[in-house]
K.L.:
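First the structure, then my questions, so here it is.
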Amino acid sequence: MALPIPPVQAIDTETTGLAPHGSDTMFSYSLCDWDGKTSVHRLDGGPIRQTTNHANLDKFWSDTSIEKTMFNAKFDTLFCEKKLGKRLAEQSVIHDSYIMSHLLRSDRKVHKLKELAWELAGIPRDDEQAIHAYVRGVEENFSHVPEHLMEIYQHRDAERTMLMHRYMYPQIQANPKFLEIYKMEMDLIKVTMRMEKRGMMIHRQRTLDTMAKLEKDLALATQEFVTISEKITGQRIFPGQTAKVSKLLFKYLKLPDLADGSTSKDDVLLPLREQHPHPIIDLLLKCRSWKHGVSMLASYLDYADDTDTIHPSINTCGAGSTGRESCSKPNLQNVEKDGNLKNPFPSPARLCFRPRPDHILIPIDYAGQEMRWIVHISGDKRMLAEFNRVGSDPHSLAAGIFYPPFTEEEERDFHFVNDAIRKGFSAFKKGQKEFKMLRDSAKNTNFAKPYGCNFVKAGFILGIPEPLSKKRCAEYDAMFPDLVGCLRNGMQEVRECGYTTNDFGRRLYINPSEAYMWLNYRAQSDGAEVTKRAQVRVHKYLREATSEEVGILLAIHDEILIEYPRKRLKDIGDIMGNIHKLMTTFPEASVPMEIEAKLCTVSWAQKRELVWKGVA
DNA sequence: GTGTCACGCGCG
DNA sequence: AAAGCGCGCGTGACAC
């Protein structure tokens, strides 16, 4: 008896390049049905064939009884949409074995179709060699490769795509949690396609002006650096020559070598700058930062289209190990902020990004995501209670424990400790600089403790002597036993089964020799899960409520950036109220989620608080 | 010239 | 500055 054939077909597209939002187009596609029957269709080379195959492609996508499976579905779907000139994703059931591969084995190093098909089904990997040889020879894209060469490879790629679907999808279906996450991921892909298309606008003139200023300052600083280095060593050393710079600092100038010859900013240059100020250190910091700034700004301009809009490539499973997203070409998740205390000579790149004309930007970020998830994961009763208290402040709570007023005995033994610490945290009110200082140290320790730091390091963070730190840590440990103890249990789990499962059912493989990474992976992945769901929910809502006049531009791990037309500003209270609800409703979490919204009218860098009706 | 590596650094 | 981790990308150094 024949089994019913699932209505799934695989499609693989061939394109002139990798930029679906740019000038690249699709010139051919191949299909494979459930049984492995493949076909190749050219969309170039003569009007008759072109018209026929265009119509066939349209028919393929219009038939909603067929589910479409792809490998990296966002890529193929975007090119099909571009070719057919209409939206396809929203009204189709699409599958993606690239996503499945990530969900099933997050520890896999490569998730490439050819590699997977070789590893899982023994399909040889040699079919692309002839094409690559050809492309290299004439320096052209695949559309110029002779058709007979392309065909062999296209048949096989369509077949691989179907094989991967047939191999992996049952494994996804077998686990209800996997299936739920997979469906969310497929929704997210559709959302991400629209985000990429919308793109982020750069202010061209402002960028050019900023680059000109940075280049000028950079030239001066470089000149000075080379001159001084020559004076000291007799040799012209440039700031980029790390090995020579290391020699200059530690051999010639005999500055203390803090990290085995490394000249990295945070670990070496900034501490040196405080303790042994030397003009060469600041010059080096300036040269590095500004050179980096200039080249990043230049690359942003390169990526911008003729409307000054950047369409990045967002990989929804970019961080294979944690479920986080990544962004490339360019990476808009690491655009430099100004006012970063860690860089004394910044390049203010976010100033160069602007809202589209007649729009504002609304960055919405989750407050204290990582800490919330750490506390949830640990299940620590007392800390959970603090998070669930109205007006809670876990870092102040910790500050009260780490910094009680000194006893007489402590005053005698540790009289050299600074005044603020001796008086204790309770002696200060919000707004005072001592309050902030002590709370910040307690906050850092609150993070460090669950990650397993000992009392020696804690004492260093807290700025108190070791014997005192030992005592205070013991009090902290007694008060929050599960918070400091959860890492052990998690590590045990990883050593036993090689993976952990986050609070949404996603499986995270962790190398048992690196089991200590458990808590970090868990916190990152739970946070990622929330932000991903937030995007799907908010996009769906904005589509229905505003016909996509309001839309998401970007997600940055615990933050989403929204584009909002000025003409709808009168509705902002309602819309933000609904977004707030969608972004914070997560029964999976035993701690409340909170968001903070800001508002940018001029640039991404210049933010004001955004308060909407009904929220204090 | 092309590819790979380690480093450094931006964001979270 | 300080406890841990995840990404992308520009650079210089080095092998081929």
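All heavy atoms count here, side chains included; hydrogens, waters and symmetry mates do not. Order of the sequence lines sets the chain letters (A, B, ...), proteins ahead of strands, with each chain counted from 1.
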K.L.:
Taking C/dA1 as the reference, what is the distance to B/dC9 when you measure between their P atoms (whole Å, please)?
P.N.:
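Roughly 15 Å separates the two P atoms.
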
K.L.:
Any N or O donor-acceptor pair under 3.5 Å from the base of C/dC5 to the side chain of A/Q524?
P.N.:
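A donor-acceptor contact between them is present.
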
K.L.:
So for A/N520 and C/dG4, does any side-chain atom that can act as donor or acceptor lie under 3.5 Å from a complementary atom in the base?
P.N.:
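Yes, the side chain and the base share a sub-3.5 Å donor-acceptor pair.
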
K.L.:
Does the structure place the NZ or CZ of A/R495 under 6.0 Å from the centre of the six-membered ring of A/Y516, at an angle of no more than 45° from the ring's axis?
P.N.:
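Judged by the rule, A/R495 and A/Y516 form no cation-pi pair.
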
K.L.:
So do A/I281 and A/H278 actually touch side chain to side chain, heavy atoms under 4.5 Å?
P.N.:
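Side chain of A/H278 against side chain of A/I281, heavy atoms only: contact under 4.5 Å found.
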
K.L.:
Determine the contact category for A/Q369: base if any of its heavy atoms lies under 4.0 Å from a base atom, sugar-phosphate if only primed atoms, P, OP1 or OP2 are that close, otherwise nothing.
P.N.:
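Answer is nothing: A/Q369 stays at 4.0 Å or more from every strand.
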
K.L.:
Taking CD from A/E370 and C1' from C/dA3, how many angstroms apart are they, rounded to a whole number?
P.N.:
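Rounding to the nearest Å, CD of A/E370 and C1' of C/dA3 are 10 Å apart.
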
K.L.:
Output the single nucleotide from B/dG10, C/dA3, C/dC5 whose closest atom is nearest the side chain of A/F460.
P.N.:
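Taking heavy atoms from C-beta onward, the closest nucleotide is C/dA3.
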
K.L.:
How is A/S321 classified with respect to the nucleic acid when contacts are heavy atoms under 4.0 Å: base, sugar-phosphate, or nothing?
P.N.:
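The answer is sugar-phosphate, as A/S321 gets under 4.0 Å only of primed atoms, P, OP1 or OP2.
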
K.L.:
Please determine, for the side chain of A/K291, which listed nucleotide (C/dG6, C/dT11, B/dG10) has the closest atom?
P.N.:
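Of the candidates, C/dT11 comes closest.
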
K.L.:
Indicate, with a heavy-atom threshold strictly under 4.0 Å, whether A/R350 touches base, sugar-phosphate, or nothing.
P.N.:
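If one applies the 4.0 Å heavy-atom cut-off, A/R350 turns out to touch the sugar-phosphate alone, with no base involved.
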
K.L.:
Of the candidate nucleotides B/dG10, B/dG8, C/dG10, which contains the atom at the shortest distance from the side chain of A/N343?
P.N.:
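Output: B/dG10.
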
K.L.:
Out of C/dG6, C/dA3, B/dG12, which nucleotide sits closest to the side chain of A/C453?
P.N.:
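Looking only at side-chain atoms, A/C453 lies closest to C/dA3.
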
K.L.:
Which nucleotide in the list C/dG6, C/dT11, C/dA3 gets nearest to the side chain of A/Y451?
P.N.:
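From the listed options, C/dA3 comes nearest.
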
K.L.:
Whole Å only: how far is the CD1 atom of A/I461 from the P atom of C/dA1?
P.N.:
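About 13 Å, once rounded to whole Å.
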
K.L.:
Between C/dG6 and A/Q333, counting only base atoms on the nucleotide and side-chain atoms on the residue, is there a donor-acceptor pair under 3.5 Å?
P.N.:
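No pair found.
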
K.L.:
Using the ring of A/F387 (Phe, Tyr or Trp, six-membered ring only), decide whether A/R372 places NZ or CZ under 6.0 Å from its centre and within 45 degrees of its axis.
P.N.:
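So A/R372 doesn't make the cation-pi contact.
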
K.L.:
Using a heavy-atom cut-off of 4.0 Å across all strands, would you classify A/K329 as base, sugar-phosphate, or nothing?
P.N.:
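Sugar-phosphate, no base atom in range.
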
K.L.:
Got a second to check how far A/R507's CZ is from A/T501's OG1, nearest 0.5 Å?
P.N.:
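The distance works out to 6.0 Å.
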
K.L.:
State the pairing partner of C/dC7; accept Watson-Crick or G-U wobble contacts with both distances under 3.5 Å, and report none otherwise.
P.N.:
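C/dC7 is paired, partner B/dG10.
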
